[in-house]
Amino acid sequence: MTDPEAALGLLVQHALAEEFGGEFAAADPLIRPSGFADYQSNVAMSLARRLGRPPREVADLIAKGLDGASAVQTAEVSGPGFINITLRDSWLAEQANGQLADSRMGVATAGQRQRVVVDYSGPNVAKELHAGHLRPTVVGDAIVRVLEYLGHDVTRAAHLGDWGTPFGMLIEHARDVGEQATYDQLAAGDFTAFYQAARAKFETDPAFADRSRRRLVELQAGEPQSMQLWRLLVDDSMAYLRTLYARLGITLTDADMAPESFYHPMLADVNAELEERGLAVISDGALCTFPPGFTGRDGRPLPLMLRKSDGGYGYDTTDLAAIRYRLRDLGATRLIYVVGSEQHQHLEMVFETARQAGWLTGGASAEHAVIGLMTGPGGQRLKTRSGEQVKLADLIDEAVERAGKVIADRYDDPQQRSQIAEAVGIGALKYGDLSVARASSYVLDFNQLLGLTGNTGPYLQYAAARIRSIFQRADLDPARVTGPIQLGTPAERALALQLLGFGRAVSDTAATAEPHKLAGYLFDVASAFTTFYEQCPVLTAEGETRVSRLALCALTLRVLTTGLSLLGIPVPDRM
RNA sequence: GCCCCGAUAGCUCAGGCGGAUAGAGCGACUGCCUCCUAAGCAGUAGGCCGCAGGUUCGAGUCCUGCUCGGGGCGCCA
């Protein structure tokens, strides 16, 4: 155990049991970081009423119980009953050495291995990813990486839009311009122009719109030429997505695409099952299910539309088929939907229906990891149709360009320069989106998102690069450093204490599916390191101090590089 | 009309299951490269935590009401 917070919790619980009886051993010890000591426990005040004794008296007894523990230097009661706890340097150093020797740096694998499906990114066939895709993509990927690091069995699922109404339109347009011209245009990555041309025709030419609708019916019936053109659109889109995901360091592969068409053969059966269970009724000519607790205008119950009055299927049915497949066929015990906030009600209805249908039972959970809405400069919603979307690829280019300007005169080798710019630009971009709570809505602001100073990705990368530089100068391999770590100065102590919180930061991130917690933790690590770096010379130190500081550097480097890799942020060797 | 989310420093945001003096970054201002990378460090200024009640020993945090903003509400996804 390297986590001081957990260790102190056990000590406090032990003291509670000793002083007040075993029934208090399970009480939350309420350990919090403190401005007055390393940690404080607020448990005395919370238990005072139950114990029928004044909180200060309770606190005194607990503090007395902590006395003499090897971990505890001092435990002092103050205020209404706070217990301020300062850890012993020797104990902290021992924990840090344990963390250094541990290949997982104190990150415990999950006690119970879960099968988790993470639905994220939300790409569409024949549409470029735009700036709004950044967060659901980057956040989802970080969640996946963290869960896998904890030993969970994770299935990535990008719900690829490849089967809806627009495809009749797109295929008909492809027929009009010819297969070769379509191929050429899409191979160049110019989906937006292709899509917009089709859309414009669809809206202005009734005959084309009519053909498009018939084409969709043929497609969904599996007519060969329609399928062939559809395949072309899908393949080109996949190639585009592969390239962009690779550049962004997103771990989604072709096999992780969970396209709508995949669920198409299941839709009739899903509906049959819901009808059989008495959950589906005909309403206004459409087959609907009305999960309890959802009402719309006029207080009428809200439906999920299982089959439209024209016999077609919409996305409600696809989502139900997907959740059934994930729970029943994949055997998932946790579902995480990394999806925009505007879909919240829809997803809650899907979850409720899955419960009613008996797919989502007590042993499994489904959660909506809400992604806030990105807006334009005026707080207005960005509209796809008017083309005011910023392409994700352009956003990446801009990020890399800005990073490149900073080092324009720094490295002679242009290849090295561009590699660093790429890593730093993408690091800035991803960290910018990962460091704020995913649910907060936000305005797309390049200066905000692509900043290179302060609490940014490059700050963390820079700390790692400085550490690497130390080892390079010393001609040492940081992986071979064994310490021991000894804690002398306040900066060394503060850094060690910060590093020991790594496991907690990772498990908190996994539990809440909130990568900004890990990002915030890593910033604190980098910040503690930078203070240490300013105050504690490493290479010019001598003897045990030098050994200890090198070890502290090595441990910091490992925590930073591991943490950044869990966020999906590249770590350049030099900056 | 109903439901969901939000409102914290000039700007962008953190704030665990209710704990002491509400924290970062950017921007502003003052200093710091003879010294392991200044994408950095040290410091200063900047707050009616939207408003009003309530619960509590204690509220940015929980409850109620209100104001403002965003989103959703049957055959688009």
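Numbered from 1 within each chain, the chains take letters A, B, ... in sequence-line order.
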key: Any donor-acceptor N/O pair, A:Glu5 side chain to A:Arg32 backbone, under 3.5 Å   = no

ask   = Is the base of B:rA20 touched by the side chain of A:Gln40 through a donor-acceptor pair closer than 3.5 angstrom?
value = yes

task = Identify the nucleotide, in any strand shown, that forms a Watson-Crick or G-U wobble pair with B:rC41, with both distances under 3.5 Å; if there is none, say none.
result = B:rG31

ask   = Between the side-chain atoms of A:Ser309 and the base atoms of B:rC75, is any donor-acceptor pair under 3.5 Å?
value = yes

message = Would the distance check show the side chain of A:Tyr521 and the main-chain N or O of A:Phe502 forming a donor-acceptor pair, the cut-off being under 3.5 Å?
response = yes

ask   = Reckon A:Arg473 touches a base, only the sugar-phosphate, or nothing at all at heavy-atom distances under 4.0 Å?
value = sugar-phosphate

ask   = Within the structure shown, what part of the strands sits under 4.0 Å from A:Ala474 by heavy-atom distance: base, sugar-phosphate, or nothing?
value = nothing

inquiry  = Using a heavy-atom cut-off of 4.0 Å across all strands, would you classify A:His346 as base, sugar-phosphate, or nothing?
reply    = nothing

request  = Rounded off to whole Å, could you give me the OH-to-P distance for the A:Tyr431 and B:rA14 pair?
outcome  = 12 Å

request  = Find out whether the Lys NZ or Arg CZ of A:Arg135 is both under 6.0 angstrom from the six-membered ring centre of A:Tyr442 and within 45° of the ring's axis.
outcome  = yes

message = What's A:Arg307 touching, base or sugar-phosphate or nothing? Going by heavy atoms closer than 4.0 Å.
response = nothing

message = Tell me whether the side-chain N or O atoms of A:Glu5 pair up with the base of B:rG16 as donor and acceptor below 3.5 Å, since no angle test is needed here.
response = yes

query = What nucleic acid atoms does A:Gly161 come within less than 4.0 Å of, heavy atoms only: base, sugar-phosphate, or nothing?
reply = nothing

task = Can you tell me, in whole Å, how much space there is between the C1' of B:rU44 and that of B:rG27?
result = 14 Å

Polar contact flag, side-chain donor to acceptor under 3.5 angstrom, A:Glu172-A:Ser212 = no

remark   = Rounded to whole Å, the CZ-C1' distance (A:Phe446 to B:rC26) equals 18 Å

inquiry  = Using whole Å, what does the distance between atom C1' of nucleotide B:rG16 and atom OH of A:Tyr39 come to?
reply    = 13 Å

query = Using the P atom in both, what is the distance from B:rC5 to B:rA24, to the nearest Å?
reply = 30 Å

inquiry  = Using a 4.0 Å heavy-atom cut-off, does A:Arg402 contact any base of the nucleic acid, only the sugar-phosphate backbone, or nothing at all?
reply    = nothing

query = Base, sugar-phosphate, or nothing: which does A:Thr453 touch, judged by heavy atoms less than 4.0 Å apart?
reply = sugar-phosphate

query = Is the base of B:rA77 touched by the side chain of A:Asp319 through a donor-acceptor pair closer than 3.5 angstrom?
reply = no

inquiry  = Could you tell me how far B:rC66 sits from B:rG72 if I compare only their C1' atoms? Round to whole Å.
reply    = 22 Å

inquiry  = Measuring only between side-chain heavy atoms, which start at C-beta, is A:Phe532 closer than 4.5 Å to A:Cys553?
reply    = yes

ask   = What integer number of Å spans the C1' atoms of B:rA22 and B:rC29?
value = 24 Å

request  = Check the chi torsion on B:rC29 and let me know: syn if it falls within 90° of 0, anti if not.
outcome  = anti

ask   = Looking only at atom C1', what distance separates B:rU21 and B:rA39, rounded to whole Å?
value = 33 Å

Euclidean distance, atom OH of residue A:Tyr533 to atom C1' of B:rC33 [Å, nearest integer] = 12 Å

inquiry  = When the C1' atoms of B:rC49 and B:rU30 are compared, how many Å lie between them, rounded to an integer?
reply    = 29 Å

query = Per the ring-ring contact (aromatic ring centres under 6.0 Å, His included) rule, which among A:Phe167, A:Phe191, A:Phe194 passes with A:His173?
reply = A:Phe194

ask   = Which part of the nucleic acid, if any, lies within contact of A:Tyr459, taking any heavy atom under 4.0 Å across all strands shown: a base, the sugar-phosphate backbone alone, or nothing?
value = sugar-phosphate

ask   = Say you pick atom P in B:rC4 and the same atom in B:rG60; how far apart are they, in whole Å?
value = 25 Å

ask   = Looking across every strand, which nucleic acid part, if any, lies under 4.0 Å from A:Ser78 by heavy atom: base, sugar-phosphate, or nothing?
value = base

task = For A:Phe294, report the nucleic acid contact type (base, sugar-phosphate, nothing); a contact means any heavy atom under 4.0 Å.
result = nothing

task = Select base, sugar-phosphate, or nothing to describe what A:Gly296 touches, counting heavy atoms under 4.0 Å on all strands.
result = base

message = Should the side chain of A:Arg466 and the base of B:rG40 be counted as holding a donor-acceptor pair, with the cut-off at 3.5 Å?
response = no

inquiry  = Quick check, does A:Phe82 stack with B:rG19? I mean ring centres under 5.5 Å and planes off by under 30°.
reply    = no

ask   = Can you tell if the side chain of A:Met169 reaches within under 4.5 Å of the side chain of A:Phe208, non-hydrogen atoms only?
value = yes

request  = For A:Pro29, answer base if it contacts any base atom (sugar-phosphate contacts may also be present), sugar-phosphate if it contacts only those atoms, and nothing otherwise; contact means non-hydrogen atoms under 4.0 Å.
outcome  = nothing

message = Categorize A:Leu539 for me: base, sugar-phosphate, or nothing, with a 4.0 angstrom heavy-atom threshold over every strand shown.
response = base

ask   = Heavy atoms under 4.0 Å, any strand shown: does A:Ser469 hit a base, just sugar-phosphate, or nothing?
value = base

request  = With C1' as the reference atom in both, quote the distance from B:rC32 to B:rG69 in angstrom, rounded to an integer.
outcome  = 44 Å

inquiry  = In whole Å, I'd like the distance from the CG atom of A:Leu450 to the C1' atom of B:rU12.
reply    = 14 Å

